[in-house]
Amino acid sequence: MGRKIPFGPLHSRKSLPGENPAQGLTTEGNLPPLFPVFNQNKIFQKEKALISRYVPNRKTCPNMMHIISLIQSGVMEVVKELYGVSLAPDDLTISPTRKEFTGDYTLVVFPFTRFVKKKPEDIGNELGNALLGKVAYLHGYNVIKGFLNLELSDQFWKDFLGDIYAKENFGFLPKNGHKVLVESCSPNTNKPLHLGHIRNILLGWSMYKILEAAGYDVVRVQIINDRGIAVCKSMLAWQKFGRGATPASEGLKGDHFVGDFYVRFDKAFKEEYSQWQGTSEAEQVFESGKQNGQSREEFFKAYKDIYFNEHSALGREARDMLLRWEAGDPETVALWEQMNSWVYQGFEVTYKALGVAFDKFYFESDTYLLGKDTVEKGLQSGIFYRLDDGSVWIDLEDAKLDKKLVLRKDGTSVYITQDIGTAQLRYRDFGVEKMVYVVADEQNYHFQVLFEIMKRLGEPYAEGLFHLSYGMVELPTGRMKSREGTVVDADDLLAEVVREARENTLERENIAGLPEAEQEEVIRKIALAALKFFLIKVHPKKRMIFDPKESVDLQGQTGPYVQNAYVRVQSVLRKIESEDLSAASAHEPLNADERDLIGQVYQFPGIIQEAVREYDPSAIANYCFNLAKAYHRFYHEHSILRAENEAARAFRLQLSMAVAHVLRNGMDLLGIDMPERM
RNA sequence: GGUCCCGUAGCUCAGCUGGAUAGAGCAACUGACUUCUAAUCAGUAGGUCACAGGUUCGAAUCCUGUCGGGAUCACCA
């Protein structure tokens, strides 16, 4: 029954008469033990092997073993020789040298004072001196306080750059043979998608791309709440007030069309309720039911659901509709199918506009009965127990959770029962070892319970279940409520960012020479980059404030800023013929901006690993921004085509190409396309 | 009340398994386009990393407590 995507706040959905925002938008297409890529989990030895093969190392590039490993083993060797102490790689802290100091990597030597009774500075100097002959590419060092800054030779960076600058897929791992499923979006069929769905969809899509880049086969799915009383409300309203209207006849997107009837129902119900409140029956209910000091208004606000279920004529009709649906009444089922298909057509337009797609849709009308068999079986094996009233429970108190109901006393299933069955179904469908659920953090407890149950059931993929939990999206004015009409509609939002991007782009006239269709394509890429980057750059688990004004910003820490760095490279490359870049290896010395840039490029494979390990697309976004920032600075400070000499020119061209590849690939992991001009 | 998450510049956010003087963007103020795209760059200003203890050579980061904010503890989904 639906994942209940929380609302992001916002300005009310503006219905723009006759405007279909999606038109004109063409598109292309406890840290879980999930990715023990760098852990010791035996099952994943193969993955590990693949990674070490890809990230520069001894096998692929004899001289290019990952420099940190190289430094690590050098330090361990030297420490053993000088001080007779055996250290493990984990005992060493080695990180990129901060920009304000000279060097490439820094070893923290404070910890060594524990077994060497000398000043940190002296230890640093001893180590640095000893390392010089030991570590390939190590060219020099300096010691500041307890920090040993190691300076690599320019040759190291030039070799690395020469190795990767032409590699389109630098940073991506080959297939590892493992399969993951990502569930995201998971809407209800009675309302259009809103801002909350967009954050969800983008996280899901990005996780898919990141997992794929790390070598996994990924299946993208949704679970759609296509049944229940809410859907019946829309159906009933359409019957009563629709007069045979269709999305086509009204010129509306199907999901908005159906959503409008849902609202229509609610309006009619409210009128009915308000009228009823004037009756003597209502008076009686109020008098006998009111709490001490409760006002009439408060009472009836709280009484709404009871009224719906026990007094309302509309409520009665909606519930009858649900019963007929459950009984399989042909006419009801036909209407249900008709309305849902309108909704799906509408959703599809929004997915396309967002540039996302799914491999399979699971429908609750198919899955809401699943899981009962499993519960029956688990009852026999003692995992579940039945109370005298017939309800079935599981006791998870020893896992610091509570007792949880899995079957009602009438034998029907609840939300979690269905999720048990659906997980099993998905395993049968795809044989995945891991499943990632992109669902808002209000359901943290639900997934803790679900995953614990799956473990107790002994499901083979139980250890591979992960809840990618994300925080609510709120407006600057606070949380929003559908009742108050403050939900930010997905299509409106898309239309707004495109409008903003168009205005800015046309003003600049950078692409005025392109055919109009291509201009629109560029505008769309810029608009989506702004929106997507804005939503993904925040760590998923954090609640985020969505300021509509900032979300359409095109300058500063934004998607278009990153795109612009890429576009600058393309602009340079457009000006050259194919040219021999072998002179790059003679470029000497590398300046600080070049070193900074190339050092960042070097980190890309590791950043992808981190994003996978932490289920954190925001790590990619922040990395891309920093790389783009470094490139903008480099671009501003140093001439590429008019460099000092041929070697510098060749080197900077290689460097620019490498940066462009990484930016394009990195942004692709966020679902963001790069324009060639902007 | 129990459990979980969050608290970093006026605002929105980074800060990797503890390491150097806590960083960006926006907003404000100064500068830089006859030169590869200024959707850019450089600079100024802005901080008791909620608070208090603890561990450590070293804490925004780890531990405990307090205060604020949020979520959740349904025979709802």
Side-chain angles (χ1 to χ4, degrees), chain A residues 1-4 6 38 90 93 95-98 100-101 106 108-111 113-114 120 144-147 149 188 225 228-230 364 389-393 400-402 405-410 412-416 418-419 440-446 448 469 471-472 474 476 479 501 504-505 507-508 510-511 526 530 534 537-539 541-547 549-550 553-558 560-565 567-576 606-607 610 613-614 618-619 621-622 625-626 629 632-643 652 656 677-678:
Chain A
M1 311 168 183
R3 292 300 185 204
K4 267 202 334 196
F38 292 136
D90 285 352
T93 305
S95 48
T97 301
R98 297 174 58 116
E100 56 267 37
F101 301 99
T106 296
V108 183
V109 301
F110 288 110
T113 57
R114 203 160 298 167
I144 296 176
K145 297 203 279 185
F147 301 92
N149 299 319
N188 296 347
N225 178 21
I229 193 72
E364 293 195 355
D389 68 2
S391 59
V392 179
W393 297 71
K400 290 203 287 194
L401 300 165
D402 301 315
L405 176 104
V406 293
L407 284 182
R408 297 190 183 98
K409 62 188 171 199
D410 63 5
T412 56
S413 39
V414 291
Y415 185 49
I416 201 154
Q418 166 183 270
D419 264 336
D441 62 6
E442 60 183 354
Q443 294 192 49
N444 286 354
Y445 181 73
H446 169 76
Q448 278 179 34
S469 164
M472 306 248 181
E474 295 181 13
R479 197 175 169 178
N504 276 274
T505 303
E507 226 170 64
R508 288 167 214 271
N510 285 336
I511 59 169
I526 293 169
F534 185 79
K537 72 178 180 186
V538 179
H539 193 284
K541 80 177 172 194
K542 287 203 173 185
R543 256 180 339 142
M544 72 177 294
I545 309 289
F546 183 90
D547 186 334
K549 273 210 295 281
E550 285 178 26
D553 273 354
L554 310 174
Q555 288 161 21
Q557 197 174 40
T558 66
Y561 174 95
V562 180
Q563 288 178 320
N564 187 232
V567 163
R568 285 179 139 181
V569 175
Q570 300 315 309
S571 173
V572 169
L573 295 181
R574 234 176 271 127
K575 294 188 162 54
I576 63 169
I607 298 290
E610 182 197 332
R613 199 171 64 240
E614 305 287 333
S618 73
N622 287 304
F625 171 72
N626 286 325
K629 186 175 168 58
H632 277 307
R633 179 187 162 79
F634 160 80
Y635 183 91
H636 189 265
E637 297 295 322
H638 309 284
S639 189
I640 299 166
L641 297 178
R642 274 178 288 274
R652 287 175 192 163
S656 296
R677 305 164 197 265
M678 64 189 288

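Note on naming: letters A, B, ... go to the chains in the order of the sequence lines (proteins, then strands), and numbering restarts at 1 for each one.
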Next item on the list: Give a yes/no answer on whether the side chain of A:Lys542 brings an N or O atom under 4.0 Å of OP1 or OP2 in B:rA14.
Entry: yes
Notebook entry, point to check: Okay, side chain of A:Lys537, backbone of A:Gln557: is any donor-acceptor separation there less than 3.5 Å?
Noted result: yes
Check: A:Thr106 side chain: which of B:rA20, B:rC13, B:rG19 is closest?
Finding: B:rA20
Check: Under the 5.5 Å and 30° test, is A:Phe147 stacked on the base of B:rG19?
Finding: no
Note to self: For Watson-Crick and G-U wobble pairs within 3.5 Å on both distances, what is RNA chain B written in dot-bracket notation, | included for inter-strand pairing?
What the structure shows: (((((((..((((.....[...)))).(((((.......))))).....(((((..]....))))))))))))....
Notebook entry, point to check: So, is A:Tyr635 near the phosphate of B:rU35, with a side-chain N or O under 4.0 Å from OP1 or OP2?
Noted result: no
Note to self: Go nucleotide by nucleotide along RNA chain B from the 5' end; which of A:Lys537 and A:Arg543 gets its closest nucleotide reached first?
What the structure shows: A:Lys537
Next item on the list: State whether the distance check finds a donor on one side and an acceptor on the other, under 3.5 Å, for side chain A:Asn149 versus base B:rA20.
Entry: yes
Notebook entry, point to check: More 5' along RNA chain B: A:Asp90 or A:Arg633, using each one's nearest nucleotide?
Noted result: A:Asp90
Checklist line | Nearest-Å distance once atom P is located in both B:rA50 and B:rU56 | finding: 23 Å
Margin query: Rounding to an integer number of angstrom, what distance separates B:rA22 and B:rC16 when you compare their P atoms?
Written below: 15 Å
Margin query: Suppose we call a contact any N or O donor and acceptor under 3.5 Å apart; does that hold for the side chain of A:Thr505 and the base of B:rA39?
Written below: yes
Item checked: Euclidean distance for C1', B:rU66 against B:rG47 (whole angstrom) -> 23 Å
Note to self: Taking only side-chain N and O atoms of A:Arg408, does any of them lie within less than 4.0 angstrom of OP1 or OP2 on B:rC76?
What the structure shows: yes
Check: Taking the same atom, C1', in B:rU72 and in B:rC76, what whole-Å distance lies between them?
Finding: 14 Å
Next item on the list: Would you please classify the geometry between the A:Phe147 ring and the A:Phe110 ring as parallel, tilted or perpendicular, with 30° and 60° separating the classes?
Entry: perpendicular
Check: Given B:rA20, is OP1 or OP2 found less than 4.0 Å from the side-chain N or O atoms of A:Arg98?
Finding: yes
Next item on the list: Using the P atoms only, state how far B:rC63 lies from B:rG18, rounded to an integer number of Å.
Entry: 11 Å
Check: Are the side chain of A:Arg408 and the backbone of A:Ser413 linked by a donor-acceptor contact shorter than 3.5 Å?
Finding: yes
Margin query: Any side-chain N or O of A:Lys541 below 4.0 angstrom from OP1/OP2 of B:rC6?
Written below: yes
Notebook entry, point to check: Under 5.5 Å between ring centres and under 30° between planes: does that hold for A:Phe110 against the base of B:rG19?
Noted result: yes
Item checked: From B:rU40, B:rA24, B:rC75, nucleotide with atom closest to A:Phe625 side chain -> B:rA24
Item checked: N/O donor-acceptor pair under 3.5 Å between A:Asn510 side chain and A:Met678 backbone -> yes
Check: Is the backbone of A:Asn564 close enough, under 3.5 Å, to the side chain of A:His632 for a donor and an acceptor to pair up by distance?
Finding: no
Notebook entry, point to check: Does a distance-only test, which skips hydrogens and angles, find a donor-acceptor pair under 3.5 Å between the side chain of A:Asp389 and the base of B:rC75?
Noted result: yes
Check: If only side-chain N and O atoms of A:Lys145 are considered, is one of them under 4.0 Å from the OP1 or OP2 phosphate oxygen of B:rG19?
Finding: no
Notebook entry, point to check: Between the base of B:rA14 and the side chain of A:Ser618, is there a donor-acceptor distance below 3.5 Å?
Noted result: no
Check: Looking at the side chain of A:Ile545, which of B:rA39, B:rC75, B:rU12 is the nearest nucleotide?
Finding: B:rU12
Note to self: For a quick test of reading the model: is some side-chain N or O of A:Arg613 closer than 4.0 Å to OP1 or OP2 of B:rC16?
What the structure shows: no
Checklist line | P gap between B:rC62 and B:rA20, integer Å | finding: 15 Å
Check: Quantified in whole Å, what is the P atom distance between nucleotide B:rA52 and nucleotide B:rC5?
Finding: 23 Å
Next item on the list: Choose from B:rC36, B:rA32, B:rA71 the nucleotide whose nearest atom is closest to any side-chain atom of A:His636.
Entry: B:rA32
Notebook entry, point to check: Does B:rC26 adopt a syn or an anti glycosidic conformation, taking syn as a chi angle within 90° of 0?
Noted result: anti
Next item on the list: Sticking with atom C1', work out how far B:rA38 lies from B:rA32, rounded to a whole angstrom.
Entry: 9 Å
Next item on the list: Starting at atom NE2 of A:His638, determine the distance to atom P of B:rU40, rounded to an integer number of angstrom.
Entry: 19 Å
